[in-house]
Protein chains: 2
Amino acid sequence: MLDLQTSIEESPHPAAVGEHPQGGSAGYPGLEALVAGLPLRRRTLKAREYLFRAGQPRSALYLVHAGFFKTCVTSVDGREKITSFRLRGDLLGIDALDMPMHACDAIALDTCEVWELPCEQLRHSLPQFQERLTAALAAEIRRDWGWMLALGTLSAEQRVIAFLLDFAARLQALGFSATDLMLRMTRAEVGNFLSLKLETVTRALSRLQARGLLAVDGRQIRLRDAAALREVMAA
Amino acid sequence: MLDLQTSIEESPHPAAVGEHPQGGSAGYPGLEALVAGLPLRRRTLKAREYLFRAGQPRSALYLVHAGFFKTCVTSVDGREKITSFRLRGDLLGIDALDMPMHACDAIALDTCEVWELPCEQLRHSLPQFQERLTAALAAEIRRDWGWMLALGTLSAEQRVIAFLLDFAARLQALGFSATDLMLRMTRAEVGNFLSLKLETVTRALSRLQARGLLAVDGRQIRLRDAAALREVMAA
DNA sequence: CGTAGCTTTGACTCACCTCAACTTGAGTGG
DNA sequence: CCACTCAAGTTGAGGTGAGTCAAAGCTACG
């Protein structure tokens, strides 16, 4: 049982777990339950496939049901930034809710399944849907602000810790282990998200391992002392 | 006529100008026009006054009508980050739309007037209001992602340019000069927003002035060569 | 078995930070 | 009117954390 987050298998139901603390995750327990009975179009993607690209016409909203996505924005002169990683229960496409075109790329990092939400319809037929949507948008803003704060005020090592703790919390909220996590992205992707170079991510992990705070085995990470990690992050 | 952005005087009407390009500003031309006829509670604040603080009960939403705000988030261990500057036409409080408490501090940088929007009421009475709100939320996410990209990929000097160009564009959208801008915040506040130290902001401005790209006189900035500035930013 | 992509590590560099001195301007009170 | 203070801004000298460049190891997969 090394690979705890096998993506295409049904993950534990997110509604089974409690609320997320502020900004930690973009998941909204219950959204999946809310639409589970509806006849939604489902779509599966293989790793590296694009769910959509910035500039493409936007028709629906997507709810991640299995697998793992990243969203990217790109500047006119080619600079790229990963703005989020999306897990089961997270929405894709909300950032362009008011626009005819998508505003970012959404790329599967793994085999994935998404549910297509026809939001114009749902908005009218499901009274709670609009409310959920608003909550999802506001929560995304808070999440982004939290990361802005982290990237603007933490050292490289602290950012890596923040990333791991956040990721672990989100996985735990989905019913996975809070200490054993399988990163589904490369060091370069972690670095891009944290505004660090891949070598810096590697070095931070090596140092934390040397201090016994965690164990690194490729993309498999075991948090050995979450309390100490939290300590280092706040210091 | 040095102080072009005198805050408490009525600014030119935002609806008079066109759409913002992607992510540049959080303003939503028309929102003000939409609610202008309604009997809204208005509130004026002096510089350094808090409109609200993180954790305080949230009742309404605020539309900036005059003046200039910053919003700040603070971590449990005291790290602070300015997440946005808000001008006329911008909304304050949308980040906590789904919560009973505010999620950030909103602080007047100047004499300000805000209109209090009772969003629960408006949502039902004004059909377009919900739509505007959604648009405002999504646009805020795109704005945040744009800054994440900028802070993660640009040098100090480039960030300062990006800030000035963005600010100039927003002021222009409000009917002010696109080349002569009065910063209403300190170097430290600019630096905090850009994840730079205040000395670095000062040095960047000095260098750009030495190259003839702009003229600095305290908080009064004149953009002498916007094209060249854009060039430097993309390089 | 070989190739390609990812990861790790080391040596060196540099952009930005830190610390400190000095300037400027607004407000205050004798 | 001047002396004083205090907050904001500028500039310089020196330090350092993260980036850059390069080489080697590791895995997966055809």
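Below, chain A is the first sequence line, B the second, and so on; all start at residue 1.
Atom-to-atom distance recorded for B/Thr153:OG1 and B/Met148:CE is 12.5 Å, nearest 0.5 angstrom. In this structure, CG in A/Leu164 is found 6.5 Å from CG in A/Leu214, a value given to the nearest 0.5 Å. Atom CD of residue A/Gln172 and atom OG of residue A/Ser177 lie 8.0 Å apart, to the nearest 0.5 angstrom. Rounding to the nearest 0.5 Å gives a distance of 9.5 Å between CG of B/Asn192 and OG1 of B/Thr83.
B/Cys112 and B/Gly67 make their closest contact through SG-CA, 3.6 Å (heavy atoms, listed as atom of the first residue, atom of the second, distance). Residues A/Leu91 and A/Arg86 approach most closely at O-NE, 3.6 Å, considering heavy atoms.
Using a cutoff of 4.0 Å between basic side-chain nitrogens and carboxylate oxygens, B/Arg43 and B/Glu116 are not scored as salt-bridged. A salt bridge is defined here as a Lys NZ or Arg NE, NH1 or NH2 lying under 4.0 Å from an Asp or Glu carboxylate O, and A/Arg222 with A/Asp180 meets this definition.
The side chain of A/Arg219 contributes an N or O atom lying less than 4.0 Å from OP1 or OP2 of C/dT7.
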Every protein N/O lying under 3.5 Å from an N/O of nucleotides 21-28 of chain C:
none

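Along DNA chain D, read 5' to 3', the first and last nucleotides having any atom under 4.0 Å from a heavy atom of chain B are D/dA8 to D/dA13.
Summarising the local packing, CZ of A/Arg41 is surrounded by 12 or fewer heavy atoms from other residues, nucleotides or ligands at distances under 6.0 Å. Applying the 6.0 Å contact sphere to CD of A/Glu49 captures more than 12 heavy atoms from other residues, nucleotides or ligands. Heavy atoms from other residues, nucleotides or ligands lying under 6.0 Å from CD of B/Gln56 number more than 12.
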Could you go through residues 197-205 of chain B and list every donor-acceptor pair under 3.5 Å that involves a side-chain atom there, pairing it with any protein atom two or more places apart or in another chain?
unit_1   : atom_1 : unit_2   : atom_2 : d
B/Thr202 : OG1    : B/Leu198 : O      : 3.4

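Atom CE of A/Met185 is separated from atom C1' of C/dG5 by 17 Å (rounded to the nearest Å). Rounded to an integer number of Å, the gap from A/Arg184 CZ to C/dC6 C1' is 16 Å.
Looking at heavy atoms from C-beta onward, B/Trp145 lies in side-chain contact with A/Glu140 at the 4.5 angstrom threshold. The side-chain heavy atoms of A/Val64 and A/Leu87, taken from C-beta on, include no pair separated by under 4.5 Å.
Scanning residues 194-207 of chain A for heavy-atom distances under 4.0 Å to DNA chain D yields A/Ser195, A/Leu196, A/Lys197, A/Glu199, A/Thr200, A/Arg203. Taking a 4.0 Å limit (strictly below) on heavy-atom distances, residues 152-161 of chain A reaches DNA chain D at A/Ser155, A/Ala156.
When atom types are taken as modelled, the side chain of A/Arg58 and the backbone of A/Ala96 share a donor-acceptor pair closer than 3.5 angstrom.
Helix bend of the helix from C/dC1-D/dG30 to C/dG30-D/dC1: the angle between its two end axes, each built from five pairs, comes to 30° after rounding to 10°.
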